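Accompanying notes for the structure given below.
Quantities reported herein were computed from a predicted structural model and do not represent experimental measurements.
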Amino acid sequence: MRLLPAAWQPADSRPPAGRLSVVVLAQELAEEEVRNALREGRVFFADTGLRSPGGFLFHATNNLGVFEAGDSVPMASTTRLVMQAPSAARVKLFRNEEMVGESTEERYTFTAKEPGAYRAEVWLSTGEKEQLWIASSTIRLETPSPEATRLPSQQLSDGVVAHRDITYREGRPEDAAKHKLNVIVPKDGTRLPVLFFVHGGAWRSGDRSLYFALGNRFARDGLAVVVPSYRLSPANQHPAHIEDVAAAFAWTRANIAAYGGDPDRIYIAGHSAGGHLVSLLALNQEHLSAHGLNSSAIRGVMTLSGVYEVSSLVNIFGEDQEVRRQASPLHHVKKSTPPFLVTYCQWDYATLPAQAKTFHAAMLKAGANSKLVYVAGENHISEIVNVVKPDDPTAKAMLRFIFGGD
């Protein structure tokens with residue numbers, strides 16, 4: 001969007017009056033969102049007299065998520081800065097106002113080794129000289145504090161008990177460790193709503209043992225929590241993951257009453273790949289029907305930064321295009337489905353916000369009950385790590401979905 005001409009511009013390349021525009025990176029075209037973006041520096045500047053800046057991109061990406069200009073970024077694993085010029089030009093990258101890289105490629109990726117304030121410039125050749133065309137605000141790469149990287153305590157509260165490593169299906173001996181689940185419940189609870197939670201990890205990693213803190217948090221809120229493991233890739237491809245999740249759900253339906261849960265009030269939830277799996281479980285009837293069940297056994301679905309279209313993921317879902325299509329929840333959307341809560345966060349992985357919006361829109365178009373929640377101030381990993389905090393917005397949205405209320 002174009003706002004008032006900006007006051008800042010390099011003195012040696014000042015464009016004629018009226019040509020400099022500020023492009024605001026707002027979540028939506030609402031006054032509060034625009035003001036927040038301006039306050040946080042989520043903008044870039046462009047000389048629109050030279051050429052339209054449409055298509056310019058400057059972001060940081062790592063295993064936590066994708067971050068824009070104006071953001072502070074924890075340096076985790078490999079952090080890359082990605083610049084995309086709208087057309088052939090010279091891209092320059094600065095750290096603390098010292099140039100640290102440049103390229104004439106339209107897309108330039110720089111692996112950051114040091115924290116600091118990084119910004120990008122795009123220079124366009126106009127005859128015999130280059131002129132500054134686009135200048136971003138800064139992305140601040142920061143070394144995270146030890147507290148920020150510490151996982152929540154897995155210790156259970158008084159009044160909460162865990163039943164560990166319960167076998168939910170039989171299979172090959174080498175798969176036995178993944179064919180187990182944990183049940184975390186309030187002591188002496190009866191007829192409790194059930195949260196059946198499926199972990200993420202790109203279908204390649206993760207385990208039930210990492211989610212006692214999550215189970216503890218929701219057990220204190222009055223839920224019986226079930227967290228299964230499932231077989232992982234690359235040793236196992238689709239449909240192994242969803243077959244295990246379906247078997248774990250069937251076990252829960254048949255057995256949760258013995259642990260204080262209500263089998264008629266089972267809510268299923270998952271994060272990332274787990275969001276894909278619970279969505280597929282609810283929408284593609286073949287997986288539940290293998291256990292004599294259907295989606296009426298599910299009271300509601302909560303998918304946190306989930307994946308709804310997997311047609312490009314050959315390494316997980318195989319070479320057959322139709323199999324990948326059938327593994328994509330987006331292609332099973334229909335009116336007769338349990339209610340959905342669909343979330344995505346501010347610094348999510350690159351494609352996930354768009355997938356969440358597309359999936360939610362398809363659900364509404366089909367006449368299904370779907371609620372879309374944007375979680376500000378979280379990345380793809382912190383969204384699930386911070387769910388244990390008392391005032392966490394994702395946890396509060398989940399509890400409202402289960403118990404009702406504003």
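Other residues, nucleotides and ligands place no more than 12 heavy atoms under 6.0 Å from the CD atom of Glu105. Atom NZ of Lys113 has 12 or fewer neighbouring heavy atoms from other residues, nucleotides or ligands inside a 6.0 Å radius.
Side-chain atoms of Arg42 come within 3.5 Å of backbone atoms of Leu25 as a donor-acceptor pair (strictly under, hydrogens ignored).
At least one side-chain heavy atom of Met302 sits under 4.5 Å from a side-chain heavy atom of Leu195. In this structure the side chain of Ile134 never reaches within 4.5 angstrom of the side chain of Phe45, judged on heavy atoms. Side chains of Ile268 and Val198 form no contact here, defined as non-hydrogen atoms less than 4.5 Å apart.
Tested against Glu378, the residues Ile384, Thr343, Asn386 include a single side chain to side chain contact (heavy atoms under 4.5 Å, CB included) partner, Asn386.
Under the ring pair (Phe, Tyr, Trp, His ring centres under 6.0 Å) criterion, the residue pairs touching residues 357-387 are His271-His380, Tyr308-Phe359, Phe340-Phe359, Tyr344-Tyr374, Tyr349-His380, with sequence neighbours excluded.
For the residue pair Ser136 and Glu121, no side-chain donor N or O sits within less than 3.5 Å of a side-chain acceptor on the partner. Remark: the Ser229 side chain and the Lys180 side chain contain no N/O donor-acceptor pair separated by less than 3.5 Å.
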Go through the steps for Trp203 and His238 under the test ring pair (Phe, Tyr, Trp, His ring centres under 6.0 Å), then give the verdict.
CA-CA 9 Å; Trp203 305 273; His238 174 80; 9.7 Å; no

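Ring-plane geometry between Tyr168 and His179 is classed as perpendicular, the angle between the planes exceeding 60 degrees on a 0 to 90 degree scale with a lower cut at 30.
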